[in-house]
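Here the structure comes first, spelled out in structure tokens, and everything after it is commentary.
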2 protein chains.
Amino acid sequence: MSDEAWSPPAVLLAVDLVILTLRDSRLSVLLVERGIEPHQGDPALPGGFLQHSCEDLRAAAIRELNEEAALDASRLHLEQLGTYGTPDRDPRGRVVSVAYLVIAPALPEPIAGTDAADASWTPVEEILSGDRRLAFDHEEIVTDGVERARNKLEHSPLATAFCDKTFTISQLQQVYEAVWGVELDPRNFYRKVQAVPGFIVSAGTERRSTRGRPARLFRAGSRTTLHPPLVRPDPPNPKEEER
Amino acid sequence: MSDEAWSPPAVLLAVDLVILTLRDSRLSVLLVERGIEPHQGDPALPGGFLQHSCEDLRAAAIRELNEEAALDASRLHLEQLGTYGTPDRDPRGRVVSVAYLVIAPALPEPIAGTDAADASWTPVEEILSGDRRLAFDHEEIVTDGVERARNKLEHSPLATAFCDKTFTISQLQQVYEAVWGVELDPRNFYRKVQAVPGFIVSAGTERRSTRGRPARLFRAGSRTTLHPPLVRPDPPNPKEEER
DNA sequence: CCAAAAGTGTTGCAGATACACCCATGT
DNA sequence: ACATGGGTGTATCTGCAACACTTTTGG
């Protein structure tokens, strides 16, 4: 089982980014058009290889965020999503990819920027439904990222990462509605989020002008876990099963 | 930013295992004593390098499970936990490690087996409290694994992976009590788990003999998510915080 | 004044806790 | 008989969904 002189095989390590945001009330992910083979011309997640052999994984994710999406990592939520290493996932050879999940507030327009003038926001629904195919195993990675985001809304203040530094409660509600794909009662939502200590904190007495009564502004609080959680309503039919 | 002839750096890829089980009502993790430098003689997680450059990650985890722990992967719960790639985590050079979480039912004794006659179960409390130091960043990996297990008990049937193929409800309760470190009311627990469709299904009318009334036996059901969830009681003081 | 959005009060129901109680077996 | 653990019934508590209602703004 163990040879005398054996040395472990090396692999190429890549970092891919699932960058989620809200664009006109729809959960969207940033895609870039691949400029080179393989999968040239296909939409794919932003990402790339480790730059040098001692680059930290998270640092590499932050670097790609700047290069490919022209986004500033400080201010954004960034967490490791998972590692994808099926042997045949890249035709060039053995490439193992560490995926990161990034949550960004709504931004002006695509992204005037650097490497990726071809970057574009795509509603995740198009990908989850299979209408739009991505390069490599990136569809699976997006699916996992969306799933992670949906679950974390319940137990963490992740939703605030979709908002600007200050936000109204109804803006926060729109995040939950878009990510979960449900409708919520604004009156109950209003009290529910305020009942969670440390979730949101009042941000002065400022007001923004729309039609109707002006709303109070809030900032994200310091809490990292939500007690009690914001429970997601059962969507369809949780029928009785085997016992 | 992009050189003409540049090729991405290769790294060494390892797989580490956090194998959790219950031993006399305590949540425990399998550790092996390192036989070689670095950290020779220190306790560490079972694991090792990818064997050949096209070995699948999950397959490598299963192989290590056999070699180092003499455990049969079919029958055990195994899921990816996370990837640890701090540049200086291994003094031999750049090693990135993909950690897997394994849940095993209580087993006879340490592990008569192969490579690892020196394998031993250690209560996780000794590690979380900092009393026992592990090689590399393995303390962090164990912490993350325990955290993952604690959270998944609420929303998935993970607890059944700690039990034998058939089990009584009070055995299942002991899993929750040991992993969460709380006490639960057996009568309410009894009905709560039965109220979740597809969580556990009755396994014949068999009975096991102890003192007291014999209990019914159950098997794990087909459900992968629990509706409603088994909520963990608040442990300490969720005091009011900033608003 | 009216429409629209923010914010408050109240009620009824569902699920959970706490605990009294009954059941089946070993010694 | 009685100790021990399995299992059931039920009163009470609590949180939440539902929705009527008030407040504050723009047009």
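Sequence lines set the chain letters: A, B, ... in the order given, protein chains first and strands last, and positions in each chain run from 1. Source: prediction; values computed, not measured. These numbers come from the heavy atoms of this one structure, side chains and all, not from hydrogens, waters or symmetry mates.
For A/G212 and A/Y190, each mapped to the nucleotide of DNA chain C holding its nearest heavy atom, the one lying further toward the 5' end belongs to A/G212.
Between C/dA6 and A/R216, no contact under 4.0 Å exists linking OP1 or OP2 to a side-chain N or O. Taking side-chain N and O atoms only, A/S170 has a distance below 4.0 Å to OP1 or OP2 of C/dA6.
Here the P atom of nucleotide D/dG5 and the CZ atom of B/F189 are 17 Å apart, to the nearest Å. Per the geometry, CD belonging to A/Q173 stands 12 Å off C1' belonging to C/dA5, to the nearest Å. Rounded to whole Å, atom C1' of C/dA5 lies 14 Å from atom CG of A/L217. Whole-Å rounding puts the B/L230 CG to C/dG15 P distance at 15 Å. The CZ atom of A/R213 sits 5 Å away from the C1' atom of C/dA6 (whole-angstrom rounding).
The base of C/dT25 does not come close enough to the side chain of B/R211 for any donor and acceptor atom to sit less than 3.5 Å apart.
In this view, A/E139 and A/R133 satisfy the side chain to side chain donor-acceptor pair (under 3.5 Å) rule, not counting sequence neighbours. Shown here are the side chain to side chain donor-acceptor pair (under 3.5 Å) partners of A/R148, two or more places apart in sequence or in another chain: A/E79. Under the side chain to side chain donor-acceptor pair (under 3.5 Å) criterion, B/T83 pairs with A/T83, sequence neighbours left out. Not counting sequence neighbours, the partners of B/R191 by the side chain to side chain donor-acceptor pair (under 3.5 Å) test are B/N188.
Applying the ring pair (Phe, Tyr, Trp, His ring centres under 6.0 Å) definition to pairs two or more places apart or across chains, those involving residues 152-181 of chain A are A/H155-B/H155, A/Y176-A/W180, A/Y176-A/F189.
For B/P228, the listed nucleotide lying nearest its side chain is C/dA16; candidates were C/dA6, C/dT8, C/dA16.
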All N/O pairs under 3.5 Å across the protein-nucleotides 17-19 of chain D interface:
from	atom 1	to	atom 2	distance (Å)
D/dA17	OP1	A/K192	NZ	3.2
D/dA17	OP2	A/K192	NZ	3.3
D/dA18	N7	A/N188	OD1	3.3
D/dA18	N7	A/N188	ND2	2.9
D/dA18	N6	A/N188	OD1	3.4
D/dA18	N6	A/R191	NH2	3.4

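Side-chain N/O atoms of A/D144 and A/Y84 include a donor and acceptor closer than 3.5 Å.
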